[in-house]
Protein chains: 2
Amino acid sequence: MATRTDAPTRREQILKEAARLFAERGFHGVGVDEIGAAVGISGPGLYRHFAGKDAMLAELLVGISEQLLTGGRLRVAEAGTDGDPGVLLDSLIEGHIDFALDDRPLITLHDRELDRLRDADRKLVRQLQRQYVELWVSVVRELHPALAEPGARSAVHSVFGLLNSTPHLGRPGSLPGRTDTAALLHRMARGAFAAAADAVAQEEVAREEVAREEVMKEGVAVEGVAAGTPEA
Amino acid sequence: MATRTDAPTRREQILKEAARLFAERGFHGVGVDEIGAAVGISGPGLYRHFAGKDAMLAELLVGISEQLLTGGRLRVAEAGTDGDPGVLLDSLIEGHIDFALDDRPLITLHDRELDRLRDADRKLVRQLQRQYVELWVSVVRELHPALAEPGARSAVHSVFGLLNSTPHLGRPGSLPGRTDTAALLHRMARGAFAAAADAVAQEEVAREEVAREEVMKEGVAVEGVAAGTPEA
DNA sequence: GCAACAAGTTAATGAGCGTTAACGCGTTTC
DNA sequence: GAAACGCGTTAACGCTCATTAACTTGTTGC
């Protein structure tokens, strides 16, 4: 995580302001003149740096997805194959929260303007997103083996919804400060996952009960809860 | 909850299709001709039913907010003042999930296109949303008195994010069926609230410890954990 | 010193789109 | 039975806006 100290290039300025404006008023709601004005140049001057308005959005969305995925992979790699899945999940959650709190506009764009992309770019972003989700899913299932894959995937999506709710959390001032907010979100995410696993466990217990009763009647052996298969 | 059996009026057809299209491609991303085509009439024919494109969006968003709020108030009223707050919270969660699962496009619009409204309409929608949130906050705080108001509000917003994640849950088929999905979301929401309360409780315990140690030094009595004050 | 280039500028172009105008036509209503 | 009206239609208007053209200017390379 190299902290940059050099001045941001013009491209970066533009991307940052474009992200903010897109998040505020939507991709179609903001004109190129506005983006230009936000960085001190006017309208068509942007075309010296980007092929068009679409290209800016594409670069933003691809960048976000890549950043999330590589960040997640880094944490997985740091944890190694023998690490505590609970610790690893905490690490993933923390990373996602940092991102959600520090780059609210990008989080907003991430699930709001995906459809405005050209087919190729949209496919790429979707693929990156999918890999990021699957990364979480495998960690969650390692920690909560009772969760089947579809349930785990739904749970991960839902927790993303929870963590990505930061833009709705009012402007800084009403909420309890960044550190407390991060801690709150973190515990809620963990609690949500645990509850998801409990739900499945209880359902499976219930089915197990039923199955056992039937077994009693038929006198046939039944295998226990199958361990999750690692990957397809 | 009177179930309608009569045919939908043209206005309702238009609103429904407009909601779907707006959710799919954004307010600015869909033209009036498309909306018209979706209901079998063409372009400007819509102006016999609505003052303009903005009016459709406004009616949709105000309608959603009103529906959520009145639904929530109904459940609170049914529960009465002496009911179990846990049961009431379950009822609120269930109602919200039903809405999120049955009207995904509207849920999407709800937090995506609010800024496209005229000032008056936007203010109205915000006010309705705020009342809905506060309704949840008071119930959550009754169930979890350890949660202070700002934390409870953040928690409610976050759980909304969780429950409103249904549009991201892929098309029906990959996920585990409506009933199971609803049950999963429900338990995750409860788990998230519980975890939020635990977080606060533990923080307060921690502070309490510190306070008690200081007390030991100074020999002064300290009152126990204060019960949550009901309202401001 | 001067071509080459990077990075702007303003003016023009052209498509898309919301809205309005003008008109048609079946169904009420008195 | 005809005036009024509900509900459409197509054509035209006008505005916004992304993109391109043509031109300027400071800086770099040799």
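Here the structure is a predicted model, which means the values were calculated and not measured. All chains are named by letter (A, B, ...) in the order of the sequence lines, taking the proteins before the strands, and each is independently numbered beginning at 1.
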Subject >> Length of the line joining B:His49:NE2 and D:dC7:C1', which is rounded to integer Å >> reply: 6 Å
Original post:
Does B:His28 make a side-chain N or O approach to OP1 or OP2 of C:dG16 shorter than 4.0 Å?
Top reply: no
Original post:
C:dT9, D:dT20, D:dG8: which one has an atom nearest the side-chain heavy atoms of A:Ile41?
Top reply: C:dT9
**OP:** Look at the side-chain N and O atoms of A:Arg48 and state whether any lies under 4.0 Å from the OP1 or OP2 oxygen of C:dC5.
**Re:** no
Subject >> Per B:Pro44 side chain, nearest of listed nucleotides C:dG18, D:dT19, C:dA21 >> reply: C:dA21
Subject >> Separation of D:dG8 P from B:Ile14 CD1 (nearest whole Å) >> reply: 7 Å
Original post:
Is any side-chain N of the basic residue among B:Glu17 and B:Arg20 closer than 4.0 Å to the acidic one's carboxylate O?
Top reply: yes
Original post:
Across the strands shown, which category fits B:Gly52 at heavy-atom distances under 4.0 angstrom: base, sugar-phosphate, nothing?
Top reply: sugar-phosphate
Original post:
Given atom CG of A:Asp33 and atom C1' of C:dG8, what is their separation to the nearest angstrom?
Top reply: 14 Å
Original post:
Separation of B:Phe50 atom CZ from C:dT19 atom P, in whole Å?
Top reply: 13 Å
Subject >> Atom pair distance, as rounded to whole Å: CZ in A:Arg11 and C1' in C:dG8 >> reply: 17 Å
**OP:** Rounded to the nearest angstrom, tell me the gap between atom CG in A:Leu46 and atom C1' in C:dT10.
**Re:** 15 Å
Subject >> A:Lys53 NZ to C:dG16 C1', straight-line distance once rounded to whole Å >> reply: 13 Å
Original post:
Could you give all pairs that pass the side chain to side chain donor-acceptor pair (under 3.5 Å) test and reach residues 41-50 of chain A, with sequence neighbours left out?
Top reply: none
Subject >> Whichever of A:Gly40 and B:Tyr47 has its nearest DNA chain C nucleotide further upstream toward 5' >> reply: A:Gly40
**OP:** Nearest whole angstrom, please: distance from the P of C:dC17 to the CG of B:Leu21.
**Re:** 13 Å
Original post:
Closer than 4.0 Å, any side-chain N/O of A:Arg10 to the OP1 or OP2 of C:dA6?
Top reply: no
**OP:** Quick one: label B:Gly45 by what it contacts on the DNA or RNA (base, sugar-phosphate, nothing), any heavy atom closer than 4.0 Å.
**Re:** base
Original post:
Within a strict 4.5 Å, meaning less than it, do heavy atoms of the B:Pro105 and B:Glu24 side chains meet?
Top reply: no
Original post:
Salt-bridged, B:Glu134 to B:Arg130, with N to O below 4.0 Å?
Top reply: no
Subject >> Between CZ on residue A:Phe27 and CG on residue A:Asp115, distance to nearest 0.5 Å >> reply: 12.0 Å
**OP:** Could you please name the option among D:dT19, D:dG8, C:dA21 that lies closest to any side-chain atom of A:Asp54?
**Re:** D:dT19
Original post:
When we call it a touch if two heavy atoms are under 4.0 Å apart, what does A:Val30 touch: a base, just sugar-phosphate, or nothing?
Top reply: sugar-phosphate
